[in-house]
Amino acid sequence: VISGLAAAFLLVQLAVPLAVIASRSGTDRDFAWDMFSSQLRCEKLDALVKPQGKLWGSLRWDVDFSSWAQLRRVLSPARFERYAQRLCQALRAEHGSPVELYVQSECRNDRDQAPFAILDPHRDFCSQP
Amino acid sequence: MTLIARAAAAWQRWLFAPGSLRHLALFRIGWALAMLLAARHEAGLWQLYSAEQYHAPWFGWAQPLSQAAFQRLTQIAEIGSALALIGLWPKLGCALVIATLGYLFASDALLFRNHIYLGLWMGLLLCASPCGRARSVEACWHRWRGRGPAGSAESSGVATQLIKAQVLFVYGFSALNKLRLAFLDGYTLQQELPFALRSSPLRALFCDARGAPRPVVENALHNALALSVCSCSVVLVEGFLVFGLPSRRLRHYAIPLGLSLHASIFLLMDIRVFGLLMVAAYPLFSDSDARRNSFLLSVGKGNEPLRPFV
């Protein structure tokens, strides 16, 4: 039993980081013992909101997140979908009308890389997918 | 004997290699100290865990806590760490730390920190080990009562071996993750250091009163070659530790290098808990020689008798 448990422990310790590394995610490298190796920086990261019949406005990230580390982790598509669901619900309740939510971003992982959009800039996160 | 049978025998020999209870106790003390520091640090992060912030819990049951509950939880973590530190019901102490910091860890994926994750795994292994049988209040109590602590000496070996393997995995994957141009060319350090130096214990040396890097530091931060050399050195040291720590021949070089690595990270970035957790495991590597501890090396050796315990 001890031998089996020990083998399972070592297998988890080996397989989990390998699976994370193999996934090649740019935003989510947790559980892979990735310490200070990736440096995602976004020169531009704007969440643009437009309630029906009103002007475009910009969302303040610091209301929901205290640090870049938190915000960076929410930028994976699956996590952002869940976050957007909650956000859109709150925005609809606040404005009493449908809202549109777009994210404009220019990010890079290294010095020479061309900036890329971390989330689809053409996707309205408040519309049904 | 077939290769599979040899591998199985080597696995058993590696897993059940006897370990020193004193070294395990030293590791327990280091772990407890690290988790005490981590719990005290967490206690100051109430705003991050508050219900006003957005959270992405790993599990549905790990919901945000009220401020009072959060404070109670971090206090229990501190008590657990203190119990493990002095060796009074150390397994209970480890369990308390795992339950409390584990809850906080599970309550928000956005607040993932490697040192908490590592501490939880190591705590789990300590819970399953006879970590309180030396250098502890329990051991003193047993000595005072004139009887040795209960349990077999062999069981300490399993936990010790797994902790050592865990440490080697961490160094190995950490080095593997850094094998990318953005890290090796110094870009990552260049981005990270200006912020890290502001929280460094040597902040007064590196930054002026407004927190801006001093000119000499500013020049160093713009020296791509120097930053690249530093980055490559980190990868080389971490990679070397994977092979150096378990090897009796290389350990004399690996331990000072590992200590220097963690001391540098502490002095430049004020990262203390992670380094303390890793360094606390170093005494475990001096338990036995490289040949017996290397699973791969011992596969081809059949059932040859083990060398005397070193």
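First the proteins, then the strands, lettered A, B, ... as listed; each starts at 1.
By the 4.5 Å heavy-atom criterion applied to side chains, A:F31 and B:N114 are not counted as neighbours. Using a 4.5 Å cut-off on side-chain heavy atoms (C-beta onward), B:N177 and A:R29 make contact. Counting only heavy atoms from C-beta outward, the side chains of A:M35 and B:V170 approach each other to under 4.5 Å. No side-chain heavy atom of A:R73 sits less than 4.5 Å from a side-chain heavy atom of B:L111. No side-chain heavy atom of B:L124 sits under 4.5 Å from any side-chain heavy atom of A:F9. Between A:R82 and B:Y54 the shortest side-chain heavy-atom distance falls below 4.5 Å. Looking at A:R41 and B:Y187, their side chains come closer than 4.5 Å, going by heavy atoms from C-beta outward. Between B:W11 and A:L10 the shortest side-chain heavy-atom distance falls below 4.5 Å.
Residue contact with chain A, scored on non-hydrogen atoms closer than 4.5 Å, involves the backbone and the side chain of B:A109 alike. In this structure, no portion of B:L184 lies under 4.5 Å from any heavy atom of chain A. For a residue to count as touching a neighbouring chain, one of its non-hydrogen atoms must lie under 4.5 Å from one of that chain's; by this rule B:L125 touches chain A with the side chain only. Of the atoms belonging to B:L162, heavy atoms from both backbone and side chain fall under 4.5 Å from chain A. Both the backbone and the side chain of B:Q191 come within less than 4.5 Å of a heavy atom of chain A. The contact between B:F274 and chain A is made entirely by side chain atoms (from C-beta outward), counting heavy-atom distances below 4.5 Å. Looking at A:A32, the atoms closer than 4.5 Å to chain B (heavy atoms on both sides) sit in the backbone and in the side chain alike. Both the backbone and the side chain of A:L18 come within contact range of chain B, with heavy atoms under 4.5 Å apart.
For B:L45, the CG atom counts as densely surrounded, since its 6.0 Å shell holds more than 12 non-hydrogen atoms of other residues, nucleotides or ligands. Heavy-atom contacts from other residues, nucleotides or ligands closer than 6.0 Å to NE2 of B:H41 number 12 or fewer. Within 6.0 Å of CD on A:Q104 lie more than 12 heavy atoms contributed by other residues, nucleotides or ligands.
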**OP:** Start with the C-alpha distance between A:F65 and B:L48, add both sets of side-chain angles, then the distance that settles side-chain contact (heavy atoms from CB on, under 4.5 Å), and finish with yes or no.
**Re:** CA-CA 8 Å; A:F65 308 103; B:L48 295 185; over 6 Å; no
**OP:** Start with the C-alpha distance between B:F173 and A:L14, add both sets of side-chain angles, then the distance that settles side-chain contact (heavy atoms from CB on, under 4.5 Å), and finish with yes or no.
**Re:** CA-CA 9 Å; B:F173 281 115; A:L14 192 64; 4.1 Å; yes
**OP:** Quick one: do A:D64 and B:E52 satisfy side-chain contact (heavy atoms from CB on, under 4.5 Å)? Show the steps, please.
**Re:** CA-CA 7 Å; A:D64 281 332; B:E52 283 78 47; over 6 Å; no
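By number of non-hydrogen pairs under 4.5 angstrom with chain A, the leading residue of B:L118, B:I271, B:L176 is B:L118.
Across every non-hydrogen atom of B:D108 and A:Q70, the tightest pair is OD2-NE2, 4.4 Å. Closest approach of B:Q53 to A:V63, counting heavy atoms only: NE2-O, 4.0 Å.
A donor-acceptor contact under 3.5 angstrom links the side chains of B:Q12 and A:S3, judged on distance only.
Between A:W33 and B:Y117, the ring centre distance stays below 6.0 Å.
Here B:L15 contributes atom CG and A:I2 contributes atom CD1; the two are 8.0 Å apart, rounded to the nearest 0.5 Å.
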